[in-house]
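Scroll down for the structure; my scribbles are underneath it.
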Amino acid sequence: MKLSCDVILDLLPLYHDGVCSEESAGLVQAHLAECETCCAILDALKGEIDAPHVPADEVKPLTEIQKSIRKGKRRALRRGMLAAVALILVAALMGSGVWYNRIGKYYDAVADKMEPITKEMGRMSSGTHYLEAGDYGVILKKPMVFSDSGFITVGSMDLTVNYLKGIYNEVAWGEELYLDLFFYPDQEGGYDFAVNFTFRTVGQEQDGVKYLQGWYWLNPDLTLDTDGRTYMQDQLDAYPVLLEEYRTEIEALFAVVEEQFGIRYLE
């Protein structure tokens, strides 16, 4: 198989350095046996130009062609890399825009009415914003882009202080009950709400019902939201009793959310 001078020019540097395959080397040698011009270029690579055999006006254009081909390849590679980076950036920007419209802006709507948490306020690393609202406090954690790991929680001011100090769990398990309300953007323009009961002893018996520490997702009428949620049977049995006993406290937490952020959830 005969190869053109353009192809041989691409192979000559590899052939000269002895790094091309045996098959490629054989093709180059076969071409060189018939082409004085490519032989002269190979000699030039070796630093052994034999000017009498090949006129300079023949060698120079081919050398320029070789340089042009190499430059063209480098330009094409750079353009390809730039295009790939541009596509990645466009995809990231589009993805972040979708995420912000579905999640991020709803956290911002709440965070805009709160104060940033500073190192001087406490050592809780997960929270980013807080708000004092009378006897209650609100803690917000803004999620990272593309993440849904944020939260907003409302509880007593003692609870908020303990969050800021980073000792919530230590204190919560020393109390008979800690009750707080969490809510999250639901990606459809609203928020999902869950009430969290933290008892001193998991499995505490009261009135024949076993109370468990855990989350209860709520419907607007304060019934238990079981759509796509998983609960243990003990939780299903306990919630009606918990709601009857702590309805006033739960409604007060929802009232804070409505008064401070204009978010009405309860019917």
Side-chain angles (χ1 to χ4, degrees), residues 103 106-115 124 127 129-141 150-164 168-169 171-267:
I103 295 178
Y106 297 103
Y107 278 104
D108 281 348
V110 176
D112 286 346
K113 300 177 181 179
M114 303 175 68
E115 296 292 331
M124 181 186 177
H129 294 73
Y130 87 105
L131 175 71
E132 295 183 16
D135 295 332
Y136 300 94
V138 185
I139 296 288
L140 177 144
K141 175 194 174 184
F151 65 81
I152 311 163
T153 181
V154 186
S156 68
M157 268 309 300
D158 289 340
L159 181 70
T160 301
V161 170
N162 291 333
Y163 264 127
L164 292 172
Y168 167 71
N169 289 331
V171 176
W173 290 110
E175 300 292 331
E176 180 180 353
L177 169 68
Y178 255 45
L179 171 64
D180 48 354
L181 181 70
F182 283 77
F183 61 106
Y184 307 82
D186 64 6
Q187 302 188 16
E188 296 179 0
Y191 295 86
D192 290 327
F193 286 82
V195 63
N196 177 44
F197 293 92
T198 304
F199 288 95
R200 181 174 62 241
T201 304
V202 175
Q204 178 180 359
E205 294 283 351
Q206 182 172 333
D207 299 331
V209 178
K210 183 182 290 185
Y211 285 58
L212 299 177
Q213 185 274 342
W215 292 68
Y216 296 88
W217 294 94
L218 305 180
N219 291 313
D221 60 357
L222 288 185
T223 58
L224 195 62
D225 178 9
T226 57
D227 185 15
R229 316 290 187 186
T230 301
Y231 301 95
M232 293 184 292
Q233 187 59 49
D234 287 336
Q235 288 179 289
L236 296 174
D237 294 338
Y239 181 70
V241 178
L242 290 169
L243 177 60
E244 181 178 356
E245 183 170 354
Y246 297 105
R247 175 183 286 271
T248 300
E249 288 88 338
I250 295 172
E251 290 177 343
L253 295 175
F254 274 102
V256 172
V257 175
E258 183 175 356
E259 291 170 3
Q260 298 299 321
F261 309 111
I263 300 172
R264 181 177 178 81
Y265 184 72
L266 297 184
E267 295 179 345

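All values below were derived from every heavy atom in this structure, side-chain atoms included, with hydrogens, water molecules and symmetry-related copies excluded. Throughout, residue positions are numbered sequentially from 1 according to the sequence presented.
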Please output the side-chain donor-acceptor pairs of residues 224-232 that fall under 3.5 Å, not counting sequence neighbours, one pair per line with the distance.
from   : atom 1 : to     : atom 2 : distance (Å)
Asp225 : OD1    : Asp227 : N      : 3.0
Tyr231 : OH     : Trp217 : N      : 3.1
Tyr231 : OH     : Asp225 : O      : 2.9

- Item | ring-ring contact (aromatic ring centres under 6.0 Å, His included) partners for Tyr136, two or more places apart | none

- Query: Going by heavy atoms in the side chains, are Leu179 and Leu253 under 4.5 Å from each other?
  - Reply: yes

- Glu251 and Leu266, any side-chain heavy atoms less than 4.5 Å apart: yes

- Task: Please check if atom CG in Asp221 has more than 12 non-hydrogen atoms from other residues, nucleotides or ligands closer than 6.0 Å.
- Result: yes

- Task: Evaluate the side-chain contact (heavy atoms from CB on, under 4.5 Å) criterion for residues Thr223 and Tyr239: first the C-alpha distance (whole Å), next the side-chain angles of each, then the deciding distance (0.1 Å), finally the verdict.
- Result: CA-CA 9 Å; Thr223 58; Tyr239 181 70; 5.8 Å; no

- Message: Using every non-hydrogen atom in the two residues, find where Ala111 and His129 come nearest and quote the distance to one decimal.
- Response: O-CD2, 3.8 Å

- Message: Is there a side-chain contact between Leu222 and Tyr216 in this structure, where contact means two heavy atoms from C-beta onward sitting under 4.5 Å apart?
- Response: no

- Go through the steps to decide whether Phe183 and Ile263 satisfy the test side-chain contact (heavy atoms from CB on, under 4.5 Å), and finish with yes or no. CA-CA 11 Å; Phe183 61 106; Ile263 300 172; 4.0 Å; yes

- Message: Run Ile250 and Phe197 through side-chain contact (heavy atoms from CB on, under 4.5 Å) and show every step you take.
- Response: CA-CA 11 Å; Ile250 295 172; Phe197 293 92; 4.1 Å; yes

- Note on the structure: Minimal heavy-atom distance between Gln260 and Ala133, with the atoms involved, is NE2-CB, 3.7 Å

- Sequence-distant partners of Gln233, side-chain hydrogen bond (donor to acceptor under 3.5 Å, both in side chains), two or more places apart: Asp237

- Item | Beyond-backbone contact of Phe261 with Val138, side-chain heavy atoms, under 4.5 angstrom | yes

- Message: Given Tyr191, which partner from the list Tyr265, Tyr106, Tyr184 fulfils the side chain to side chain contact (heavy atoms under 4.5 Å, CB included) test?
- Response: Tyr106

- Query: How far does NZ of Lys141 sit from OH of Tyr107, to the nearest 0.5 angstrom?
  - Reply: 9.0 Å

- Task: Using side chain to side chain contact (heavy atoms under 4.5 Å, CB included) as the criterion, point out the one residue from Leu131, Val154, Asp135 that pairs with Val256.
- Result: Val154

